[in-house]
Protein chains: 2
Amino acid sequence: MVDETFDDLAEGSSVGAAQRVFHALSSAPRRKILAYLSASGLTAGEIADRFSMSKPAVSQHLSVLETAGLIRREKRGQFVHYSLIENNLVNTLNGFVQEVCPIGRPIKKESQARARAKDLP
Amino acid sequence: MVDETFDDLAEGSSVGAAQRVFHALSSAPRRKILAYLSASGLTAGEIADRFSMSKPAVSQHLSVLETAGLIRREKRGQFVHYSLIENNLVNTLNGFVQEVCPIGRPIKKESQARARAKDLP
DNA sequence: AAAATAATTAAGCAATAAGCTAATTGCTTA
DNA sequence: TAAGCAATTAGCTTATTGCTTAATTATTTT
C-alpha cells in the first residue's frame with residue numbers, strides 16, 4: 001500500500017473540479033436536468049415541473065450542478081434562469097477519456113514502469 | 001410536477017447501464033483504477049498496492065467497476081487479473097454527450113415543445 | 001496434508017446523500 | 001403596505017457509501 005493522496009489524476013485540491021463534475025453526473029435526476037437544459041434555458045420552476053419531486057429537492061440538484069460548473073444561474077426579477085455551460089462538461093469528460101483511453105500520460109507511464117519492474121529478477 | 005420515472009434518458013430498467021457507469025465513475029479511487037488499467041492489466045493485489053486503503057476496500061471498488069461493465073475479471077491460478085473494457089466506457093460517455101450536447105434527440109424536442117407552449121396564450 | 005498466499009465475503013460503523021416539510025428571502029402587484 | 005408567487009435555506013429522517021477488521025474460499029508450495 002502506497003499513499004499518494006492525489007484525488008484526481010492531476011489535481012491538487014482536496015475536492016477537485018473533476019470530482020465535482022463526476023459526482024454531479026452520478027445522479028439520474030441531475031443528468032435529466034442537463035438534458036432538459038441542452039434544449040433551452042429554463043427557470044427553476046419550469047425545471048421542477050418536469051419532475052415528481054419537491055421544488056426544494058430540485059433546487060438542491062441545481063445547486064450541485066452549478067457548483068460543478070455545469071450550469072449557470074441568472075436571476076431575472078423574481079425568476080432564476082438556468083442554462084447549460086457546455087464547455088466545462090465536455091472538457092471534463094474529454095479530459096477523463098484522454099486519461100483512460102488511448103494516449104500516453106504520466107500515470108500510464110508510471111504504471112507501465114511498475115508492471116515491468118515486476119517481471120525482472 | 002409530472003411523474004415520468006424514466007431513470008435514464010432512453011432506458012427502461014430501474015437501474016440502467018448508464019446509471020451504473022456514472023455511479024462507478026463518481027469515485028476518485030475508481031477513476032484512478034481505470035487509469036492504471038489503461039496502461040496494462042493488473043492483478044487485484046497489484047492494484048491494491050497502488051492505494052493506501054485496505055485490500056477488501058479495493059476489491060469492492062473493482063466489483064463496482066466490473067458490475068458497470070467497465071473492467072473484466074479473469075482468474076488465473078490463485079490470481080485475479082483485471083483489465084479495461086474500453087468500448088463500454090467510451091460508448092456510455094459518448095451516448096451521454098450526444099444527449100446533452102449538440103444534436104437533436106427526443107428529450108430535446110419534448111423540452112423545446114414545452115418551452116414554446118409556455119410562450120403562447 | 002499442512003502452511004502460506006491471493007482474493008473475496010461478512011459484519012459493523014461513521015460519514016454522506018437524497019428526499020421531505022416548514023420557514024425564510026426577495027420581487028411584484030393589488 | 002399587504003398579499004402573493006418564485007426560489008432557496010433550514011432542520012430532520014432514512015438509505016447508501018466507503019471504509020475497517022475478521023473470517024472464508026481457493027490455489028499453490030513445502
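In the text below, chain A, chain B and the rest are named by the order of the sequence lines, each starting its count at 1.
- Taking the side chain of B:Pro56 as heavy atoms from C-beta on, and the options C:dT21, C:dA10, D:dT8, the nearest nucleotide is C:dA10.
- Counting to the nearest Å, the P atom of D:dT17 and the CG atom of B:Leu65 are 14 Å from each other.
- Note that CG of B:Leu37 and OG of B:Ser83 are 7.0 Å apart. Values are rounded to the nearest 0.5 Å.
- Not one side-chain nitrogen or oxygen of B:Thr43 sits closer than 4.0 Å to the OP1 or OP2 atom of C:dA6.
- The interatomic distance linking A:Ile71 (CD1) with D:dA7 (C1') rounds to 14 Å, in whole Å.
- Using a 4.0 Å heavy-atom criterion, one finds that B:Ser63 contacts no nucleic acid atom at all.
- Proximity of B:Tyr82 to the phosphate of C:dA6: no side-chain N or O atom is located under 4.0 Å from OP1 or OP2.
- Between the CZ atom of A:Phe79 and the P atom of D:dT8 there is a distance of 12 Å, rounded to whole Å.
- Comparing A:His23 and A:Ala57 by the nucleotide of DNA chain C whose heavy atom lies nearest to each, the residue mapping closer to the 5' end is A:His23.
- Nucleic acid contact class of A:Arg76 (heavy atoms, under 4.0 Å, all strands): none.
- In this entry C:dA10 has D:dT21 as its Watson-Crick or G-U wobble partner, both defining distances falling under 3.5 Å.
- Nearest nucleotide to the B:His61 side chain, out of D:dA26, D:dT20, D:dC19: D:dC19.
- Remark: C1' of D:dA6 and CG of A:Asp49 are 11 Å apart, rounded to the nearest angstrom.
- Nucleotides of DNA chain D nearest to A:Gln60 and A:His81 differ in position, and the one nearer the 5' end is that of A:His81.
- Between the C1' atom of D:dC19 and the NZ atom of B:Lys55 lies a distance of 17 Å, rounded to the nearest Å.
- Going from atom CZ of A:Arg73 over to atom CG of A:Leu62 covers 9.0 Å, rounded to the nearest 0.5 Å.
- D:dT16 atom C1' lies 13 Å from atom CD of B:Gln19, rounded to whole Å.
- The nearest whole Å value for the distance from the CD atom in B:Glu46 to the P atom in C:dA6 is 10 Å.
- Applying the 4.0 Å criterion to OP1 and OP2 of D:dA7, one finds that A:Arg73 has every side-chain N and O outside that range.
- Using a 4.5 Å heavy-atom cutoff, the side chains of A:Tyr36 and A:Tyr82 are not in contact.
- Between B:Ser59 and the phosphate of C:dA7, there is no side-chain N or O to OP1/OP2 separation shorter than 4.0 Å.
- Among all heavy-atom pairs drawn from A:Ile85 and A:Arg72, the shortest one is CG1-NH2, 3.5 Å.
- Put simply, the side chain of B:Gln78 and the base of C:dT5 share a donor and an acceptor less than 3.5 Å apart.
- Distance CE (B:Met53) to P (C:dT8): 14 Å, rounded to an integer number of Å.
- Between A:Val21 and A:Leu70, some side-chain heavy-atom pair lies under the 4.5 Å cut-off.
- Checking the phosphate oxygens (OP1, OP2) of D:dC19, no side-chain nitrogen or oxygen of B:Ser54 falls inside 4.0 Å.
- A distance-only check finds no donor-acceptor pair linking the side chain of B:Gln60 to the backbone of B:Ala57 [under 3.5 Å].
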